[in-house]
Amino acid sequence: MNFLSPTSLLLFGLAAPIVLLYILKLRRRREPVSTLMFWEQLFKEKQTTSLFQKLKHLLSLLLQLLFLTLLVLAIARPQFAFITKSARHIILIIDHSASMNAQESSDEERESNRAASNSRLESAKQRALRMVEGLRFMDEMMVISCHAKPTIHSPFTNHRKSLRGAIQSIQPTDIRTNLEPALGLAHAVARTKPSAEIVIFSDFQTVSEEMLTQLHDSGDEITLHPIQVGAVSDNVGITQFRVRKSLVNAFDYQTLLTVVNASEEKKKCNVELYFNEGLFDVRPYTLAPGESKSEIFGNFTFEGGQLKAVLDVADALHTDNVAYAALPKREHIPVLLVTEENPFLEKALSVDENLSLSVTRPEDYDANATGYNVVIFDRFAPQTLGDGNYMIVYPPKKSPAVASWEIGDPLDTPIVTDWERTHPILRHVHLENVQIGEAYHVKPPATAAVLARSFEDPVLFVDVTPKRKIVFAAIDILQSDLPLRIAFPVIIANTIQWFQDSSGIEEYHLHTGEVLTWKSDGDGTDAPATATITGPGDQTWETALERGEVLFDRTEIAGFYTLKIGDSEKMWAVNLSDDSESHIGVDASVEDLLTPEVTLVGSSLLQYPPWVYLVFLAAVLSVVEWFLYQRRRID
């Protein structure tokens, strides 16, 4: 036996004054009386009980000394070797990933929404709380939660209130499961403790090879208890809902939706599509067991907003029944066309509703005009070219702006013999047998990339510098049949798109748990110091801007997240979108390793440390001594 506070044993010195107080006799006072008759009778009765009185006096002294001994030992906190060796160090891991939101209830309960609190996570927390109640005084527990990354809610402690608070603080998330980091952390901590045990509460719906290796090779000194929570596997979910550029219209968007039936029965359901909370489409789905079906939605006429897909089905996991997509706002592109007259070029530009077209004659062109994203010169070139995006079509040979390109004589046989099919401007374009009436020799600058040739002569090239883009065509399109071909409007649309760097769309989609990042176009010196992010449930966060950049990692719940900086706003759609997370049944590879339950209840005498029992005995002795003392005073 040893003591946690051995210096407290010095309190045994208090026994000396206690003994002195009992030895000390009171000096009797002399008083004259008229007769001794009555006192002699009292003295005779006193003599008959003197031995018993001495015994009571000695017993009271022994009780006082024993009382002091118990209190001093309690203060010194005695520890016994056999108790210390039997102490358990438990590392508790609670999975709170998306699949742990699955409800273990009947279809009727799900439809009536009566089982909202009967989730796997709540079940795991209740079982963990029962483990806390079974802890002995020498046992310690550590609480870790995990989805894709671990979080320590409580270090090793035997304080039950702290452990209960740590377990209750674990909140549900919509993040995919990855228990490997938590198990690796638990193993690292367990190696520092004797008799360490790792208890994992999870549904184990997906287990990687690395995780399986960790479960098998936990070591001889570490006891591992994987406990499965939940049994149902009936679920249908949306595993993909993304916005992408349309393959048909360069300025339109398409939305890809994928639904999977992760149950063992055939399922029929509807997918409801909402734009800004307004229902605009319903699609029926019939899925065989394990079947996955994808569908593309296009022809959106919306000016940007919130898209939401809702799976109308009652199943175990609600998280994957709703998916979100942020539809970017399509801004109009101001384009200036400088030409004497070119109906083909005007028509190709005016039919695109995303372009704001202005047409002017060469003599009316103002080189200082601003506000245009693209300027197209048809059979004309200005005196100089500033920064910006320019398309120059068959300019005069003596144009000052292109004089350095050495425009030469007309081509003898102008015909397109080769073109760069992979370049964004000529994507989905075929130029075989294009009839060209007029074209000329031109020497492109050294920085140019030739896109089309007539034998060895370039007839279409691009020149890109840090602040300027130029598309040059050495063909008079009015003297060719190119405007009559499908390739012509495609080339014009691709050119505008290439100028805007919009071969794709700016990505405003994240998986739950991913970091939301945004950086301003400038150097950040004029940006505000903070930004406001609003998430699902109108929850808001204030985050600091570092050099005009935002980093936000609280995307734990699926939904829309809006970033507001000053007067500007940007919106992200955050989804679970994980096929493995929608399969909520237990992974077959881990079934043989599962533990039914862990019982921590030991001997009732070990529920409290020894000093508690010593204090209790001291209180009992105090009551006994008090009773004897009172009787002595009465006698």
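Heads up: numbering here begins at 1 and tracks the sequence.
- L482 pairs in a side chain to side chain contact (heavy atoms under 4.5 Å, CB included) with only one of the listed residues (L431, I475, I436), which is L431.
- Panel note: side chain T417, backbone F455; a donor-acceptor pair is recorded below 3.5 Å.
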Notebook entry, point to check: Is there a side-chain contact (heavy atoms from CB on, under 4.5 Å) between Y324 and K308 once you walk through the steps?
Noted result: CA-CA 5 Å; Y324 309 88; K308 184 170 68 173; 3.6 Å; yes
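- Side-chain contact between L484 and F344 is present, with at least one heavy-atom pair separated by less than 4.5 Å.
- Around CD of E456, the count of heavy atoms belonging to other residues, nucleotides or ligands within 6.0 Å does not exceed 12.
- Inter-residue side-chain proximity for K266 and T286 is flagged as met; some heavy-atom pair is nearer than 4.5 Å.
- Residue A401 comes nearest to P382 through the heavy atom pair CB-O, 3.1 Å, listed as atom of the first residue, atom of the second, then distance.
- Listed for the N494 side chain is a donor-acceptor partner under 3.5 Å among the backbone atoms of I425.
- Residue I584 comes nearest to S99 through the heavy atom pair CG2-CB, 4.3 Å, listed as atom of the first residue, atom of the second, then distance.
- For residues 473-482, the salt bridge (Lys or Arg N to Asp or Glu O under 4.0 Å) pairs, not counting sequence neighbours, are D481-R485.
- Across all non-hydrogen atoms, the minimal contact from S119 to M100 is CB-O, 3.9 Å.
- How far CD of Q306 is from OH of Y274: 14.0 Å, rounded to the nearest 0.5 Å.
- Rounding to the nearest 0.5 angstrom, the gap separating the CG atom in L545 from the NZ atom in K519 is 9.5 Å.
- Counting only heavy atoms from C-beta outward, the side chains of F499 and I333 never approach each other to under 4.5 Å.
- For the pair L307 and F275, the minimum side-chain heavy-atom distance is below 4.5 Å.
- You'll find the ring centres of H509 and H511 inside the 6.0 Å limit.
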Next item on the list: Tell me, with the steps shown, if K267 and E291 meet salt bridge (Lys or Arg N to Asp or Glu O under 4.0 Å).
Entry: CA-CA 10 Å; K267 293 289 184 179; E291 182 182 3; over 6 Å; no
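- Distance check: R242 CZ to T258 OG1 gives 11.0 Å after rounding to the nearest 0.5 Å.
- Put simply, CG on D578 and NE2 on H583 are 10.5 Å apart, with the number rounded to the nearest 0.5 Å.
- In E549, the CD atom is crowded: over 12 heavy atoms of neighbouring residues, nucleotides or ligands sit closer than 6.0 Å.
- The salt bridge (Lys or Arg N to Asp or Glu O under 4.0 Å) contacts involving residues 332-345 comprise E340-R361, where partners must be two or more places apart or lie in separate chains.
- In terms of heavy-atom proximity, P181 sits nearest to A148 at CG-O, 3.5 Å.
- Listed for the N235 side chain is no donor-acceptor partner under 3.5 Å among the backbone atoms of D315.
- Between V271 and L273 there is a side-chain heavy-atom pair separated by less than 4.5 Å.
- Taking every heavy atom of both residues into account, T512 and I175 meet most closely at OG1-CA, 3.4 Å.
- Checking each of Y561, F560, Y508 against W572 for a ring pair (Phe, Tyr, Trp, His ring centres under 6.0 Å) leaves exactly one that passes, namely Y508.
- T239 places none of its side-chain heavy atoms less than 4.5 Å from the side chain of D320.
- A donor-acceptor pair shorter than 3.5 Å can be found between the side chains of T177 and E581.
- Between C146 and N178, the closest heavy-atom pair is SG-O, 3.4 Å.
- Remark: the backbone N or O of A288 is paired with a side-chain donor or acceptor of N261 at under 3.5 angstrom.
- Contacts of D174 classified as salt bridge (Lys or Arg N to Asp or Glu O under 4.0 Å), with partners at least two apart in sequence or in another chain: none.
- Residue pairs meeting the side chain to side chain donor-acceptor pair (under 3.5 Å) criterion with at least one member in residues 382-398, sequence neighbours excluded: Y394-E438.
- Taking the ring-ring contact (aromatic ring centres under 6.0 Å, His included) definition, one finds that Y365 meets it with F377, sequence neighbours left out.
- When only modelled atom types and interatomic distance are considered, E556 and T173 share no side-chain donor-acceptor pair under 3.5 Å.
- Proximity of T206 to M211: side-chain heavy atoms (C-beta onward) are nowhere separated by under 4.5 Å.
- In this structure E432 satisfies the salt bridge (Lys or Arg N to Asp or Glu O under 4.0 Å) test with no other residue, sequence neighbours excluded.
- Counting only distance, with no hydrogens or angles, the side chain of S263 and the backbone of E265 share a donor-acceptor pair below 3.5 Å.
- Taking the salt bridge (Lys or Arg N to Asp or Glu O under 4.0 Å) definition, one finds that R453 meets it with nothing, sequence neighbours left out.
- The list of salt bridge (Lys or Arg N to Asp or Glu O under 4.0 Å) pairs with a residue in residues 399-413, not counting sequence neighbours, is empty.
- Contact annotation: the side chain of V335 never approaches that of N373 to less than 4.5 Å [non-hydrogen atoms, C-beta and beyond].
- Atoms CG and CZ, from N270 and R283 in turn, are 11.5 Å apart once rounded to the nearest 0.5 Å.
- For K293, the side chain to side chain contact (heavy atoms under 4.5 Å, CB included) criterion is met by Y285, L287, not counting sequence neighbours.
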Show me the donor-acceptor pairs, under 3.5 Å and distance only, between side chains in residues 462-473 and residues at least two apart or in other chains.
from	atom 1	to	atom 2	distance (Å)
D463	OD1	T447	OG1	2.4
T465	OG1	R468	N	3.4
T465	OG1	R468	O	3.1
R468	NH1	L385	O	2.9
K469	NZ	W498	O	3.3
K469	NZ	D501	OD1	2.8

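- Rounding to the nearest 0.5 Å gives a distance of 6.0 Å between CG of L349 and CD1 of I496.
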Checklist line | Residue pair L345, T339: steps toward the side-chain contact (heavy atoms from CB on, under 4.5 Å) verdict | finding: CA-CA 9 Å; L345 195 53; T339 181; 5.9 Å; no
Next item on the list: Decide yes or no on side-chain contact (heavy atoms from CB on, under 4.5 Å) for L426 and I491, but give the supporting numbers first.
Entry: CA-CA 6 Å; L426 298 182; I491 291 175; 4.2 Å; yes
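- S454 places a side-chain N or O within 3.5 Å of a backbone atom of I415 that can act as its donor or acceptor partner.
- The salt bridge (Lys or Arg N to Asp or Glu O under 4.0 Å) search around R379 returns none, not counting sequence neighbours.
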Please list every donor-acceptor pair under 3.5 Å in which a side-chain atom of residues 531-542 meets a protein atom from a residue at least two apart or in another chain.
from	atom 1	to	atom 2	distance (Å)
T532	OG1	E542	OE1	3.4
T532	OG1	E542	OE2	2.9

Notebook entry, point to check: Please walk me through it: do L563 and F552 pass side-chain contact (heavy atoms from CB on, under 4.5 Å)?
Noted result: CA-CA 10 Å; L563 171 66; F552 179 74; over 6 Å; no
